[in-house]
Amino acid sequence: MRLGQLDFDLMAIAREAEPVGSFNEVREAGLDREDLLGVYRNMLITRGVEERGHILYRQGKIPGSFYTGRGNEAAAVGVATAMGPDDVGTPLHRDMGVHITRGVEPWRIFAQYMGRQDGPTHGRDGNVHMADQQLGLIAMVSHLPAMLPVAVGCALAFRIREEPRVAVGWFGEGASARGDAHESMTLAGTRQLPMVFICDNNQFAYSTPTQYEYATEHVADRAQAYGFEGVVVDGTDVLAVYREAKRAIEKARAGGGPTLVECLTLRMEGHAVHDDAFYVPKQMFEKWAESDPIERFRTWLRDNAEMTDSEEDEIAASVKKLLISSMERADESPQPDPSTLLDGVYATPEDLDTPHHK
Amino acid sequence: MRLGQLDFDLMAIAREAEPVGSFNEVREAGLDREDLLGVYRNMLITRGVEERGHILYRQGKIPGSFYTGRGNEAAAVGVATAMGPDDVGTPLHRDMGVHITRGVEPWRIFAQYMGRQDGPTHGRDGNVHMADQQLGLIAMVSHLPAMLPVAVGCALAFRIREEPRVAVGWFGEGASARGDAHESMTLAGTRQLPMVFICDNNQFAYSTPTQYEYATEHVADRAQAYGFEGVVVDGTDVLAVYREAKRAIEKARAGGGPTLVECLTLRMEGHAVHDDAFYVPKQMFEKWAESDPIERFRTWLRDNAEMTDSEEDEIAASVKKLLISSMERADESPQPDPSTLLDGVYATPEDLDTPHHK
Amino acid sequence: MAELTYLQAISDGLRTEMRRDKRVFLIGEDVGVYGGAFKVSLGFQEEFGPWRVIDAPLAETAIVGGATGAAIMGLRPVAEMQFADFISCAWDHLVTIAAKQRWRAGTPVPIVVRLPSGGGFSGGPFHSQNPESSFAHIPGLKCVCPSTPEDAKGLLISAIEDPNPVLYFEHKHLYRRIKGEVPEERYTTPIGKARMHKEGSDISVITWGAMVYTAEEAAQQLDADGVSVEIVDLRTVMPWDKAAVLESARKTSKVLVLHEDTRTGGFGAEIAATIAEEAFEDLDAPVKRIAAPDTPVPFSPVLEKAFIPQVDDVVAGLRELASY
Amino acid sequence: MAELTYLQAISDGLRTEMRRDKRVFLIGEDVGVYGGAFKVSLGFQEEFGPWRVIDAPLAETAIVGGATGAAIMGLRPVAEMQFADFISCAWDHLVTIAAKQRWRAGTPVPIVVRLPSGGGFSGGPFHSQNPESSFAHIPGLKCVCPSTPEDAKGLLISAIEDPNPVLYFEHKHLYRRIKGEVPEERYTTPIGKARMHKEGSDISVITWGAMVYTAEEAAQQLDADGVSVEIVDLRTVMPWDKAAVLESARKTSKVLVLHEDTRTGGFGAEIAATIAEEAFEDLDAPVKRIAAPDTPVPFSPVLEKAFIPQVDDVVAGLRELASY
Ligand SMILES: Cc1ncc(C[n+]2csc(CCOP(=O)(O)OP(=O)(O)O)c2C)c(N)n1
Ligand SMILES: Cc1ncc(C[n+]2csc(CCOP(=O)(O)OP(=O)(O)O)c2C)c(N)n1
Ligand SMILES: [Mg+2]
Ligand SMILES: [Mg+2]
């Protein structure tokens, strides 16, 4: 269900991915029961971090604005789960699940939200403008989709060194309109680099519906225009997202070149806290609320992987405990020291003493 | 014949245009015999201007570098012939034929080449970086394809004012890799603006072959990714180019939205005078030399429109006369006055006293 | 006269011109149904329709470059950047085409680019910048930076009327904080003319945008010490009012140049260098510059406070000059 | 020591690093088979292969942004712009990501962007510019502008070694015109250190790039009048060698700042303002700036001659200072 129909013929040539059915199918895709419960847990943490963040914001503990990825938990966690330990990615402002899945500790995220010393950017940047490079993530900038050329550059490095690594770059359907998306896909496609493009298509760019951002049925239909495959997947189906991301990543790793995986969701909140999303039709919210990614996966786990009440409660409880202790720990983190403001504008040779730069 | 094959499957969804056969077909497309001889004459002038320019350059009369569009005469003249009097365009460095067809006097072009006062830019810019706005053309900048957003803006103005006018924007297959091309096509496609994109695909971007610039069979295959039609036409067949450009322009005028017309040619000289094009395989030059646009049209005119020897000689002679007198007149044009260097950095209200700005 | 906020004055100016001149239209991200990120164009699409208040794709080069094309065809586009920071994505178009087309090819480019700029509310590195100096250096572009509601309206109308590309820097931190009397009728505020914000005799402060108010608070403290501070609000950074600045410098013989953008290569350098060269004989002290330090804009309030010049910093600078 | 042209010295520096360090690679338009528009990398693809000398698509943001990604993964990319003018297409990437990533996220971005810049041969508005000031203002970027073959090699190697984004401005008008002794072995020239081009006692000229030679010719004429001119070749515009500049200013007490870029908001303003502020007591004359006028770069030789500062202009400026 797309808001506003285009009154001309559309190209539709991306493959539309099937939903995931049985547990066996998932096992083949490489996830055992423990993995699945881990995925579920990561989705709970993801939403929990953003919900708590929202509370902290309303309490006045978070400066500036505040963004969440509600509705995108399956897409973010699903893709991140498919990444290998040495793969790298450039997640965006709806992709908290990527940070969580890669292992960023929630207390550091709360510290980031609050602009504290222990946030990944030590209070220098806000909200999800952060990343732990040791976990293979690169911190986003506001400008969209300006991280895509950087992600493609990572893929280029892997190709030059002939390493079996893949770079994953995220972008929104709105940002797909910008030149950076085009130049990135052109370089990745012409050189068949080990790159996977993930489009978080949540159907709105702030208040702007998709027909003013692109003129195809799917963003993924454009992949062919860059010499690679496009896939559209239901972004609320974490297992389908995982399967498609896994295929794309392993294809890239095997030298098969890039894939564009479009995860279709709806942004279930306003663009940011200040936005009530009045411009999103009620029935759209209602319809998409029916396929809440977490509730959907919870049901699947109960029906297909015999998740028990006690397992479910245990996970919920441990996540809650984690979140509370994380908020407390973050709140103990000091404010950054203004006397350090000028430090690190320029890197020193010592900064390069990292595994990467050996 | 494309240099270097891509080792993966390509999308090919643009329509490949038929060559033009009979005179009747052409008449239907809107050209009578006199028009055809005019087209032929414009092609001769186009090549003549660049050949003479080349001589002037070797004589040291032209500063800086020097570019020609040899091999692109049919594409440029064909498209310009299809444009209506109130249509506008942003031709590039291979499109001398557009300036000629729109009526720019050759002596002004020679003056431009030589950096004289009577060139359209009065010596402020060089070579084809010029245009006569009274003739509906906008002067290109070096940056490619930076004029496309401007052309789309013209189309936007026509749409806002609901004028039956069309904007034509040129770009090379190499420049198709840049973000400006993507943003322009995105805006034109989502808003279905009265815009025609012309790709001068001469198979090289300086020394770079097409497989490093785009990963589709044709550049025009990308049109669908922007919600409009793509057409590939033999750029050495002036009548086929005319027909396809005419269709596209009238479709846009009628509210049918943009079209991307790709004119396939080979750049028959180096990128600029200093470049001997050693990187272009000899047999490519040989093959394409067989379909020289002017020779090809000359033959067609003799076979299909009974162009007589005397007509042919008369045209050749009058063109030669025009070129010689134009070079003389241009050579009489004074050098620009250095004391005027600072004039016109900022426009004055009087500058807006043009038909456009009423 | 009505009392309007700085934000309302911008809306008022834009609405006034759109009602008066059918050639004026607004294009930008979310300017239509949503009324723009800051609601400057709230209700405009209802009044002027979807083809004069255009929700653009997320594509700054298409927005500003498209504005240029429409302007060349005779319209009067106003392009809105959602934040000034994103103008970096159209920097190429502005410096390569918009700035040079008149001089090069005789083609005027009467566009206005609206740039919600400036910090002070934890916008972080990409929602707080003041990029005027990156444009003021480019011949052919004009840059205006109003500080009062009255000038915000008058300069916007002047910018739309101007036959050149004009970058209109609207300081976000003034949007709702600053109120003032604004004439209801249409009027213009001349581009290139400074405004005497406060007369004084001992030290001149040359500044613009939100720093005008920082300077004002600092000046009050120095008045208490019996030091009379003059504040010249530049209003236009390019072309800047050299005559007014030099006059003030010659009068007080001590000058502080103050801006919110970072120091090195900021536009204050041009102003300070010019004063030091042309008023050399009249100066009793070196021309002092106060600006943000050379770092990106920090997110954390404690860091941002250390970044953006504060009243105390200006007071200290003025005292230093007073006792020179 | 071999005598090399400025261009050969650049090739030599790049080849030296690519042989020494497998992490170094070159990416740009036509740098492979063609060897680059100016043949700096002629033969490199044969020696280093197609994945270390990469013919990129015509897409500057992909080239420079890709370099950033590869650098973050541990490589040492050198990105070539075909002409410095086209860096406008990657300005957003450089100021938004490359410049800020270290400060913001602790991620160094060790890239070099090579920029064939400058005029003097009728390149016109888009093949002649000197855009250093558009980057020197951005905290986190470094800008080097060598004027001699020796410095061209040494500064390129230093730039590649440097853990930051370094813009390497190579002046096209020096490529084949300027020859000099260049050590065959590997060496570095420190970034941020000026070079004393000519000692003198009466007037200091602070300059860089091709203007060093214009200043030299002018200085010879003044020597004839018995006026001793000192020429400081800045070599690095960001970070610039303030200590050396102030030392020279204090020594001669009269300073001319000279650059080929346009005047208003050019980097000369920063230098002049700093000298005027920090050497205020030592100056016997106002700090004078000579630069190109505020217009695009003209194509016609007669116009370009009126645009680029000429020896006569510098002589006149120096005489003016001498007789102040
Ligand atoms: C280059 C650029 N222009 C404008 C903005 C302001 N902005 C922030 S988010 C946003 C909408 C993005 O839409 P989309 O790409 O679909 O991502 P979503 O927020 O929907 O996940 C806009 C316009 C920006 N961040 N970057
Ligand atoms: C943004 C930009 N980058 C680089 C250049 C330098 N350059 C001039 S022409 C050219 C090749 C253009 O190829 P194409 O678009 O195919 O046009 P053609 O010259 O083949 O007609 C290049 C790289 C440029 N003009 N603009
Ligand atoms: Mg979206
Ligand atoms: Mg080409």
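Values below: every heavy atom of this structure, side chains too, minus hydrogens, waters and symmetry copies. Chain A is the first sequence line, chain B the second, and so forth, proteins listed ahead of strands; every chain is numbered from 1.
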Smallest separation among heavy atoms of D:Ser88 and C:Thr96, with atom names: OG-OG1, 3.7 Å
Closest non-hydrogen atom pair, C:Ala273 against D:Ala272: CB-CB, 3.9 Å
Crowding at CD, C:Glu247 (>12 non-hydrogen neighbours, <6.0 Å): no
Ionic contact status for D:Arg289 with C:Glu278, cut-off 4.0 Å: no
Contacting moiety of D:Thr262, where chain C heavy atoms sit under 4.5 Å: both
Aromatic ring pairing D:Trp91/C:Trp91, orientation class (parallel under 30°, perpendicular over 60°, tilted between): parallel
Between CZ on residue C:Phe267 and CD on residue D:Glu270, distance to nearest 0.5 Å: 13.0 Å
Interface residue of largest heavy-atom contact number with chain D, from C:Pro293, C:Pro286, C:Ala136, under 4.5 Å: C:Pro286
D:Pro298 versus chain C, the contacting section by heavy-atom distance below 4.5 Å: both
Donor-acceptor side-chain pairing of D:Asp294 and C:His137 below 3.5 angstrom: no
Side chain / backbone / both / neither for C:Val255 at chain D, heavy atoms under 4.5 Å: neither
Pairwise distance OG1(D:Thr264) to CD1(C:Ile138) - rounded to 0.5 angstrom: 11.0 Å
Residue part contacting chain C, namely of D:Ala285, when any heavy atom lies under 4.5 Å: backbone
C:Tyr324 side chain reached by D:Phe280 side chain, heavy atoms, under 4.5 Å: yes
Least distance between heavy atoms, D:Thr295 atom then C:Pro139 atom: N-CG, 3.6 Å
Engaged part of D:Val287 at the chain C interface, taking heavy atoms whose separation is under 4.5 Å: backbone
Contacting moiety of C:Leu283, where chain D heavy atoms sit under 4.5 Å: both
D:Lys100 versus C:Pro296, closest heavy-atom pair with distance: CG-CG, 3.7 Å
Proximity breakdown for C:Ser133 and chain D, heavy-atom pairs closer than 4.5 Å: side chain
Chain C contact via D:Thr61 - side chain, backbone, both or neither, heavy atoms under 4.5 Å: neither
Atom group of D:Asp261 that falls short of 4.5 Å from chain C, counting heavy atoms: side chain
